Structures are given as structure tokens and as C-alpha cells.
Amino acid sequence: MASKKTNIEFAAGPAEIQDILSRLGRALETGSLDLTGEPVDVSDFSAVKLTLKRDAQECRVSVRIKHERSAETMEPGGLPRYKELKKRMKKPWKALLEIAEAGQMPAPAQLEEFMGECELMISYPDEGEDYYAAFKATMQDVQAAAASGDTREFAMALARMDAVKKQCHDEYK
């Protein structure tokens, strides 16, 4: 992919807006968006912004797609750059902490996705390898606590993971 953002702008009649919204919804499921006769890959989107501005007889439609992984954010081996991966992990990490603080459990898919990102993170050489084994152990603790449904143990396992994360960041950041 050549750029991090894709912009699509065109005019449409008010009657066409429902079809445009339907096509946008389908595109987010299929990974391909075609609003102007030129398909755009949206399989890696991180944000989609739709703007409709009404002029006399028509609407100006603007769709901005922010791509999660552009060529500039990839390592030579096809992995995302470590810094980009870490940035991407911040929001899900914060969400997990908030869920645990509220005495709840995350959705299984949410935890699974985050653990996948953690696995990817600890595969990078020279980025805190001294802590990878300890971090991997806390990952297993978090997953076991989630599987048991024990919200207290889940919160404690996340706290242990956070402690290892902080130790690593203190040394390597």
C-alpha cells in the first residue's frame, strides 16, 4: 500500500445515500470498497470517516480511510514495526485494565486478539528479550484467570503483567 490514508470524494443524489451506506457496510466485511468504479482495499482499515455535505440538489460524499499497516510501518520481514505495534497495543491494554478494575471479564475475542499482539511483541529480537520469558508466564496467567472466570484473579494476573511490562520499559524505553 502506497499511503496511510485513502480519500474518496464524489457527488451523489440524496436518494443514493442509502446505497452508499450499504456498500460501505459490506466493504468493512469483505475488505473491498467500490464507490466510484475503482475498488479500494479496506481490509487493513483502522478508521473510516464518512462526511456528507448537502448542496442544492446533491450531496458531496467524502470517505477517508486510515490504513492500519502501510508499507512505511512494516519491518523488512513483513512484521509491523515494533514502535507501531506498541502504539497499537496501548488502547486494548488500557481497556483490559479498565475491565478488570470494574470487576468484569473481557470478551474472549478481545483477550485473544490482545494476546496475539503480545505473542507478536515478544518475537522481536533486541527489544527486551531478557523479559520475554517472564512476560510469557504472565500472559499464561492472564489467560488461565480469564478461562476460570475469576475476576479477582484476572485483575491480579493483569497487575503482574503490568509489573513485568514496567520493568522492561524502565530498562529498554
Side-chain angles (χ1 to χ4, degrees), residues 1-8 24-33 39-50 63-151 153-173:
M1 178 176 323
S3 70
K4 287 185 175 186
K5 294 181 182 176
T6 302
N7 296 321
I8 304 168
L24 183 58
R26 279 191 306 276
L28 299 180
E29 291 177 0
T30 64
S32 180
L33 175 64
V40 176
D41 180 18
V42 295
S43 61
D44 63 347
F45 83 94
S46 61
V48 175
K49 181 179 179 182
L50 172 68
V63 180
R64 289 195 169 82
I65 303 157
K66 184 175 179 184
H67 299 276
E68 190 170 290
R69 297 179 183 171
S70 67
E72 299 89 48
T73 63
M74 301 301 277
E75 294 282 348
L79 294 172
R81 289 208 173 138
Y82 188 76
K83 185 177 179 179
E84 293 297 319
L85 174 64
K86 298 292 286 182
K87 192 186 297 185
R88 193 169 75 203
M89 292 175 73
K90 281 184 181 183
K91 283 183 185 177
W93 173 247
K94 185 178 178 183
L96 287 175
L97 292 175
E98 289 172 355
I99 288 167
E101 188 176 302
Q104 299 175 351
M105 297 298 284
Q110 180 183 15
L111 184 61
E112 185 179 322
E113 183 177 339
F114 183 74
M115 289 297 147
E117 297 284 60
C118 289
E119 284 287 348
L120 183 59
M121 179 190 71
I122 62 175
S123 71
Y124 286 78
D126 304 322
E127 296 290 350
E129 288 172 288
D130 305 353
Y131 293 92
Y132 286 179
F135 191 80
K136 178 78 170 177
T138 65
M139 287 171 56
Q140 292 167 344
D141 291 347
V142 167
Q143 289 171 313
S148 76
D150 185 337
T151 57
E153 182 56 38
F154 179 72
M156 291 189 317
L158 278 182
R160 290 189 298 272
M161 181 183 269
D162 194 44
V164 174
K165 176 183 80 83
K166 286 179 180 176
Q167 287 176 330
C168 184
H169 289 184
D170 287 347
E171 188 172 331
Y172 287 92
K173 223 174 178 186

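Keep in mind that the numbers below use all heavy atoms, side chains included, and drop hydrogens, waters and symmetry copies. Quick caveat, the model's predicted, so the values are computed rather than measured.
Annotation: side chain of E117 is not in contact with side chain of P92 (no heavy-atom distance under 4.5 Å). Between K86 and H169 the shortest side-chain heavy-atom distance falls below 4.5 Å. Put simply, the side chain of L33 reaches to within 4.5 Å of the side chain of I8, judged on heavy atoms. With a 4.5 Å cut-off on side-chain heavy atoms, L120 and S123 count as touching. Side-chain contact between C168 and E127 is absent, with no heavy atoms from C-beta onward closer than 4.5 Å.
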**OP:** Check step by step if side-chain contact (heavy atoms from CB on, under 4.5 Å) holds for V40 and V63.
**Re:** CA-CA 11 Å; V40 176; V63 180; over 6 Å; no

**OP:** Report the C-alpha separation of I122 and Y131 in whole Å, then their side-chain angles, then the decisive distance to 0.1 Å, and conclude whether the side-chain contact (heavy atoms from CB on, under 4.5 Å) test is met.
**Re:** CA-CA 9 Å; I122 62 175; Y131 293 92; over 6 Å; no

**OP:** Might you work through the side-chain contact (heavy atoms from CB on, under 4.5 Å) test for L24 and V48, ending with a clear yes or no?
**Re:** CA-CA 9 Å; L24 183 58; V48 175; 4.0 Å; yes

Original post:
Would M121 and Y82 satisfy side-chain contact (heavy atoms from CB on, under 4.5 Å), going step by step from the backbone distance to the final call?
Top reply: CA-CA 7 Å; M121 179 190 71; Y82 188 76; 3.7 Å; yes

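To the nearest 0.5 angstrom, Q143 atom CD is 9.5 Å from T138 atom OG1. Here D162 contributes atom CG and L97 contributes atom CG; the two are 6.0 Å apart, rounded to the nearest 0.5 Å. Rounding to the nearest 0.5 angstrom, the gap separating the OH atom in Y124 from the CG atom in L85 is 5.0 Å. Atom NE2 of H67 sits about 11.0 Å away from atom CZ of F45, to the nearest 0.5 Å. The line from CG of L79 to CD of E84 is 13.5 Å long, rounded to the nearest 0.5 Å. A distance of 14.5 Å separates NZ of K91 from CZ of F114, quoted to the nearest 0.5 Å.
For the pairing with V142, the side chain to side chain contact (heavy atoms under 4.5 Å, CB included) check across R160, E153, M161 returns one residue only, M161.
By the 6.0 Å contact criterion, CD on E101 is open, its count of non-hydrogen atoms from other residues, nucleotides or ligands being 12 or less. Within 6.0 Å of CD on E113 lie no more than 12 heavy atoms contributed by other residues, nucleotides or ligands. No more than 12 heavy atoms of other residues, nucleotides or ligands lie within 6.0 Å of CD in E112, so this atom counts as exposed by the packing criterion.
In terms of modelled atom types and a separation under 3.5 Å, the side chain of Y172 and the main chain of D126 share no donor-acceptor contact.
Shortest non-hydrogen contact noted between G31 and D41 is O-OD1, 3.1 Å. T151 and G103 make their closest contact through CG2-O, 3.4 Å (heavy atoms, listed as atom of the first residue, atom of the second, distance). For the residue pair S32 and V42, the shortest heavy atom distance occurs at N-CG2, 3.8 Å. Shortest non-hydrogen contact noted between M105 and A145 is CE-O, 3.7 Å. Scanning all heavy atoms of the two residues, the minimum distance from P106 to I99 falls at N-CG2, 3.6 Å.
Look at K166 and D170 and you find no salt bridge, because none of the NZ, NE, NH1 or NH2 atoms lies under 4.0 Å from a carboxylate O.
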